[in-house]
Amino acid sequence: MEITVDIESATPMFSQLVRQIKQAVEHGKIAPGDPLPSIRQLANDLEMNNKTVAKAYRLLERDSVIQAKGYRGTFIHPDALANCTVDLNAWVTKHLSETIATFRKAGVTDSEIRIAFADVLNQSIGG
Amino acid sequence: MTIQILFYVVFIAQIFLLSAYFPGRLIQRMRFIQREYPASSHPKLYPKSSNYFQKSISAYRFINTLLFILGLVIVYYIYEGSLVGEKGINPMLPWAYFMIQMMPSLLLEIFGFKMTKLMKQEDIRTHKSANLAPRHLFDYISPWLFSAVILAYLTMVAFAFYTEDFKFEFGSKAFIVSMILLVGYVFFFSLITWLIRGKKTDPYQSQKDRTKTASLVITTLCYTMIACAFFLGFSIAVATYQLKSMMPVAMSLFLQFLVVISTGFMLQNNRLEDIDFDVYKADSTAK
């Protein structure tokens, strides 16, 4: 199974990696339990920074598409196929849109929403 | 006297093998590439120019000719007696000459690195591909060969300590030799790790060719490790059983054997007909 990244694409390289690995799982090109290359190997092969691949792997691990098993390496998660269809970005966008629509309906201005959103975000980071 | 005659035969073989036969085969190979895959159809293969490639071949040939003559001069001085001490021929003489003989190969390696660096600089493709599968040592060599490498080390260490009646002392000859070989093994295994997981040197090389080349190089490194272990074992035997007069012959044979299992093995198994040269064509879209 081969993956290809476009270094001049507007889509960040880590997103291209995440999308292609998810697509490979969805299309059955890689199955649950299959091993993945190490971060360093993939970064070297694609001539990109280790941190970029590490970021893609972190996001895939968060979405339970892959799982790291210490020194044994990284593998496709047993529930990867089901988890691939969950798009957290789309889910966040949907819920935020609904919430913002409710605020606007109540008469809250966009500026007030932005300030409140930033405050809540900062509090959650701080706390 | 018999040993000296044997040394002449072995040393002349070293001169011929390392400064005439293998360089000749390498030059043949490079000329074949130039003839069959010229710059007009395969421009990516010549990032500097076809002329520069030709000049490098000529320089390589010239240096090897000089070294061949130097070897014959050394034979003459040994025959004349200038290079023979009271204890006979210095065992380091074949080694010192070998180091000089290896210089053209080193220059060729540097030339290769320079070329691949230029290839990378001129590579304007925006799409990069990779295989989504991990690479492991046993994808390249058999577990048997790996076991043989480890066994060679253990045998050599056991033999070294046997000659000292298994007295484990820091600073003893057996301890030092075991450590030297261990450092050598660490170096070779680092090289193997780099070959398996490191960056691509040639940006256009196909994955299949890369795997095959890496597999061949790793195999030769394993053979080299085994040969080094046995040669160090032999050196200990020489020191222990008073076989010093055999050392120059053994040294020359060992060095020739190293070249046969590295360069010879590569030339024999990495056939040009099997390499995908289409990736170097101007219109190639190889990733």
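Letters A, B, ... are given to chains in the order of the sequence lines, protein chains preceding strands, and every chain is numbered from 1. What you see is a predicted model; the values in this text were computed from it and never measured. These numbers come from the heavy atoms of this one structure, side chains and all, not from hydrogens, waters or symmetry mates.
Other residues, nucleotides and ligands contribute more than 12 heavy atoms inside 6.0 Å of the CZ atom of R62(A). Other residues, nucleotides and ligands contribute more than 12 heavy atoms inside 6.0 Å of the CE atom of M179(B). Other residues, nucleotides and ligands contribute at most 12 non-hydrogen atoms within 6.0 Å of the CD atom of E109(B). Counting non-hydrogen atoms of neighbouring residues, nucleotides and ligands closer than 6.0 angstrom, the CZ atom of F170(B) reaches no more than 12 such neighbours. Within 6.0 Å of atom OH in Y37(B), more than 12 heavy atoms from other residues, nucleotides or ligands are found, so the atom counts as buried in its surroundings.
Of all heavy-atom pairs spanning A133(B) and Q41(A), the tightest one is O-NE2, 3.0 Å. Between S129(B) and T4(A), the shortest heavy-atom distance links the atoms OG-OG1, 2.9 Å. N131(B) approaches L42(A) most closely through the heavy-atom pair O-CD1, 4.4 Å.
In this structure, CZ on R40(A) lies 8.5 Å from OG1 on T193(B), to the nearest 0.5 angstrom. The line from CD of Q16(A) to NE2 of H127(B) is 8.0 Å long, rounded to the nearest 0.5 Å.
Looking at R135(B), R197(B), K199(B), Q207(B) one by one, the single match for side-chain hydrogen bond (donor to acceptor under 3.5 Å, both in side chains) with D45(A) turns out to be R135(B).
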